[in-house]
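Atoms within each ligand, like the ligands themselves, are counted from 1 in listed order.
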Amino acid sequence: MKFATKAIRVGQEPDPTTGAVNVPIYQTANFVFRDVGQPNAFEYSRSGNPTRSAYEKCLAALEEGKYGLAFGSGMAAVDAALSVLRPGDHIVSSENIYGGTFRLFEGVAAGRGIRLTYVDGTQPEAFEAAIEENTKMIWIETPANPLLQLVDVRAVAAIAKRYHILLAADNTFSSPFFQRPLTQGADVVIHSTTKYISGHSDVIGGAVVTGDAALHERLAYYQNTVGAVPGPFDCWLSLRGLKTLAVRMKKHEENALAVARWLAAQTTVEGVIYPGLPSHPQYALAKDQMDGFGAIITFRLPGGLKAVERFAKGLDIFLFAESLGGVESLVCHPWTMSHGVMSPDDKQKIGITEGTIRLSIGIEDVDDLIADLEKALKQTAL
Ligand SMILES: *Cc1c(COP(=O)(O)O)cnc(C)c1O
């Protein structure tokens with residue numbers, strides 16, 4: 001089965017009791033036992049629920065893993081991936097990561113005795129150079145948020161294998177439609193399913209997928225023990241979104257490519273970054289390891305905060321909001337929003353300036369998107 005078919009069929013057999021074509025929302029906390037010591041397929045919805053199970057199977061298939069686990073948020077999924085570590089263990093992470101992941105690393109994991117070293121993710125050798133005796137995990141996000149640097153997954157996976165270190169990859173920005181890190185040597189893939197997977201900005205969720213049975217067992221133990229699970233309705237919404245992932249991603253990318261080319265030709269913006277532009281320093285790697293370039297575009301407005309304010313006010317179709325990956329186009333200001341938790345110095349160090357703008361290109365008519373940007377940029381320049 002190919003991707004678009006898997007998205008619609010895997011885990012989604014017609015309901016055995018009614019023949020319902022869609023997996024029902026099994027909105028129940030518990031399930032009766034057939035007899036003493038004889039549970040049915042499900043017992044209690046923290047441990048497992050049929051709607052969640054259908055969604056988890058589909059996620060695993062799309063990432064070409066064997067096991068999917070759904071969580072109540074992307075952050076809960078990141079936390080679950082870290083649960084395999086012990087005090088004293090060390091993580092080598094690329095420095096360009098989601099702001100909330102950085103906060104979890106520094107504000108929670110560090111307090112539990114996990115040590116971190118951040119390296120330039122574009123340099124595979126940098127990961128190797130930072131490995132210590134107790135390094136147990138390498139963490140990557142590619143393309144990275146918000147400056148869209150890529151990590152060479154195969155190169156870093158080779159290093160991880162050599163040192164027997166787990167490679168964890170946050171695949172939120174690409175979605176499994178454009179990139180499947182497990183097939184390139186990653187051990188575990190993490191998602192904020194809030195983004196492209198659910199795709200409609202109407203649910204918060206996360207997922208962890210792996211092909212390794214032993215790793216899955218530990219992660220599933222943590223999922224059930226800590227209980228940061230999504231409810232049946234959230235799973236159903238996410239599964240409903242997931243069905244159209246293939247068509248959405250194609251349209252997201254088509255629009256993003258057109259917007260990126262248009263932006264790159266404007267004199268009123270600087271430094272347009274999009275992995276699908278030949279000007280991206282890792283364009284060749286993007287073509288090699290991804291099946292598509294995604295739909296996040298970053299650029300700088302000369303003129304700092306004032307210019308950002310005028311630009312945001314000038315937009316009608318683009319919504320000024322956190323998040324990404326929904327059908328609607330969004331504009332985000334990483335300095336004050338997604339990376340607001342980082343100090344100005346830390347932000348500057350990784351290349352985020354006051355004028356940095358991140359666009360999440362939706363699936364509206366691209367002519368309307370470009371016209372909206374054109375109008376806002378005119379107003380910014382006034
Ligand atoms: C949004 C996001 C997260 C966190 O996910 P939530 O669903 O908001 O908890 C993690 N990683 C990346 C790359 C994200 O974009």
query: Going through the distances and angles, do Phe102 and His339 end up as a ring pair (Phe, Tyr, Trp, His ring centres under 6.0 Å)?
result: CA-CA 9 Å; Phe102 180 75; His339 289 66; 8.7 Å; no

field: Stepwise ring pair (Phe, Tyr, Trp, His ring centres under 6.0 Å) test for Phe105 and Trp139
entry: CA-CA 11 Å; Phe105 284 172; Trp139 188 277; 5.5 Å; yes

message: Apply ring pair (Phe, Tyr, Trp, His ring centres under 6.0 Å) to residues Phe31 and Tyr44 and explain how you reach the verdict.
response: CA-CA 6 Å; Phe31 302 81; Tyr44 187 60; 9.0 Å; no

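Closest approach of Glu141 and Asn96 over heavy atoms only: CB-O, 4.2 Å.
The environment of CZ in Arg103 is sparse: at most 12 heavy-atom neighbours from other residues, nucleotides or ligands sit within 6.0 Å.
Rounded to the nearest 0.5 angstrom, Tyr163 OH and Phe127 CZ are separated by 14.0 Å.
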As a test of reading the model: which N/O atoms of the protein lie under 3.5 Å from N/O atoms of ligand 1, and at what distance?
unit_1, atom_1, unit_2, atom_2, d
ligand 1, 5 (O), Ser192, OG, 3.0
ligand 1, 7 (O), Gly74, N, 2.9
ligand 1, 7 (O), Ser192, OG, 2.8
ligand 1, 7 (O), Thr194, OG1, 2.7
ligand 1, 9 (O), Gly74, N, 3.0
ligand 1, 9 (O), Met75, N, 2.9
ligand 1, 11 (N), Asp170, OD2, 2.7
ligand 1, 15 (O), Lys195, NZ, 2.7

